[in-house]
Visitor: 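Would you mind keeping the following structure in view while I ask a few things?
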Amino acid sequence: MQRNQNYFVQELIDWFSKAKRDLPWRQTRDPYKIWLSEIILQQTRVEQGLPYYERFIDHHPDVHSLADSNEKDVLKLWEGLGYYSRARNLHATAKFISKELNGTFPNNYQNLLQLKGIGPYTAAAIASIAFKESTPVVDGNVYRFASRYFGVFDDITQSATRKTFESLLRDIIPSDRPDDFNQAMMEFGATVCTPSPNCDQCHFTQSCFAYQQKAQNQLPVKTKKVKVSEEHLNYLIFEHSGKYLLHSRTEGIWKGLYQFYLIRSKEEQKELLNKYDGKVTMESEIIKHILTHRRLWVKFVTIEIHEAKSFKNLSKELGLHPFSLEEMLNLPRPKVIVNYLQQAVN
DNA sequence: GATGCGTGGTG
DNA sequence: TCACCAAGCAT
């Protein structure tokens, strides 16, 4: 196994030396230039970031020049690239390195990680490329390529999964060429093992888990982003002789806590009433109360939400989370609550 | 740990 | 058309 992995690493680095794109930050080991390129390339394609890199180097060839600039000018140079906090952090870090560190860059992963705008990926990239530290980078390309090649099914949207990949790669990253290995992994993911992979031009199909299992489209595992669609929270507030009808949640989050009756639905309130008319369910019994028992004071409060927001967070935001029974008895009158809810929606 | 942050490309 | 994605980070 170890022998096979050595073979994989060697083939990958050989491929990289032949196929790598000729990019300006690959012509230098100046940590300032490596750093600048990595910040620009965060969530940004090479073609989009390249002209910005050139412009920054023209205006600010070293960290002192950038530090002596002002934030407004830096933002002007950044204009159109997006994620503008990157520019503010870039400038702040340039000032820190220039003034506090006398222009000397931190030269290892842990110290780089302390700098503003530098997270796990960027710290590993700079440490390996500028300082030859054997620390693996894990970015979107690496997740894709490594999960397919090695057959890793961990959900990459879970932050704990980063450790799985770091550990796997730490075992195979060659200590003499961590820079080439890291860049080769990313370059391969960016040009061959793309989301819709180019397996016909891949060197590694013989030993690729996904290719052999025809699982390219199953990897990497990424839990689906929740589709954004409307949903209604229908709160039923019953009042009779100054008393309010509540119930205790029987399951899920907030089990045992009290709340007003709630019917979650995709439908508008009117369709909801039609849907439950005549059906024998707990909820329909409540609907019947609404329709027939006029002496009950009943108010429907319907709130439109998007599924993209978790129910838990939205409820908290709107102040709809259930209360203990004791708290519930001390609530203001329902009408006040209704007004509050409607305001919260606006 | 979930969420917001931006612009541009892709199938 | 549009969901998804691209060398992530801060909060």
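Chain naming here is simple, since letters A, B, ... match the order of the sequence lines and numbering starts at 1 in each.
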Visitor: Which residues, if any, of residues 149-160 of chain A bring a heavy atom under 4.0 Å of DNA chain B?
Guide: Ser159(A)
Visitor: Examine the side chains of Asp14(A) and Gln10(A) and answer whether a donor and an acceptor come within less than 3.5 Å of each other.
Guide: yes
Visitor: Mind checking the P distance from dC4(C) to dT3(B)? Whole angstroms is fine.
Guide: 15 Å
Visitor: For Tyr211(A), does the OH atom have more than 12 heavy-atom neighbours from other residues, nucleotides or ligands under 6.0 Å away?
Guide: no
Visitor: Looking at the side chain of Ala190(A), which of dC5(B), dA6(C), dA7(C) is the nearest nucleotide?
Guide: dA7(C)
Visitor: Using the C1' atom on both, measure dT11(C) against dT7(B) and round to a whole Å.
Guide: 22 Å
Visitor: Can you give me the N/O atom pairs linking the protein to nucleotides 9-11 of chain B at distances under 3.5 Å, or say none if there are none?
Guide:
none

Visitor: Between Gln43(A) and dA6(C), is there a contact of a side-chain N or O with OP1 or OP2 at under 4.0 Å?
Guide: no
Visitor: Under 3.5 Å, side-chain donor or acceptor atoms of residues 35-43 of chain A against the rest of the protein: list the pairs with distances, not counting sequence neighbours.
Guide:
| unit_1 | atom_1 | unit_2 | atom_2 | d |
| --- | --- | --- | --- | --- |
| Ser37(A) | OG | Lys33(A) | O | 3.4 |
| Ser37(A) | OG | Ile34(A) | O | 2.7 |
| Glu38(A) | OE1 | Tyr121(A) | OH | 2.7 |
| Gln42(A) | NE2 | Gly117(A) | O | 3.4 |
| Gln42(A) | NE2 | Thr122(A) | OG1 | 2.9 |

Visitor: Between Tyr52(A) and Trp78(A), is the ring centre distance below 6.0 Å?
Guide: no
Visitor: Counting the atoms with a prime plus P, OP1 and OP2 as sugar-phosphate, which does Arg144(A) contact under 4.0 Å by heavy atoms, base, sugar-phosphate, or nothing?
Guide: sugar-phosphate
Visitor: Could you give the distance separating dA7(C) and dA2(B) at their C1' atoms, to the nearest angstrom?
Guide: 23 Å
Visitor: NA contact type, Gly80(A), heavy-atom cut-off 4.0 Å: base, sugar-phosphate, or nothing?
Guide: sugar-phosphate
Visitor: Quick one: which protein N/O atoms are closer than 3.5 Å to N/O atoms of nucleotides 9-11 of chain C? Pair and distance per line, please.
Guide:
| unit_1 | atom_1 | unit_2 | atom_2 | d |
| --- | --- | --- | --- | --- |
| dC9(C) | OP1 | Gly119(A) | N | 2.7 |
| dC9(C) | OP1 | Gly119(A) | O | 3.2 |
| dC9(C) | OP1 | Thr122(A) | N | 2.9 |
| dC9(C) | OP1 | Thr122(A) | OG1 | 2.7 |
| dC9(C) | OP2 | Pro120(A) | N | 3.3 |
| dC9(C) | OP2 | Tyr121(A) | N | 3.2 |
| dC9(C) | O5' | Gly119(A) | N | 3.4 |
| dA10(C) | OP1 | Gly117(A) | N | 2.4 |
| dA10(C) | OP1 | Ile118(A) | N | 3.4 |

Visitor: Under a 4.0 Å heavy-atom cut-off, which of residues 13-32 of chain A touch DNA chain B?
Guide: none
Visitor: Suppose you measure atom C1' in dC5(B) against the same atom in dA6(C); what distance do you get, rounded to whole Å?
Guide: 14 Å
Visitor: Just by distance, with hydrogens left out, do Arg86(A) and Asn89(A) show a side-chain donor and acceptor under 3.5 Å apart?
Guide: no
Visitor: Quick one: Gln48(A) CD to dG6(B) C1', roughly how many Å, whole number?
Guide: 9 Å
Visitor: Please list all pairs passing the side-chain hydrogen bond (donor to acceptor under 3.5 Å, both in side chains) test where one or both residues lie in residues 107-117 of chain A, with sequence neighbours left out.
Guide: none
Visitor: Do any side-chain nitrogens or oxygens of Tyr84(A) fall under 4.0 Å of OP1 or OP2 in dT7(B)?
Guide: yes
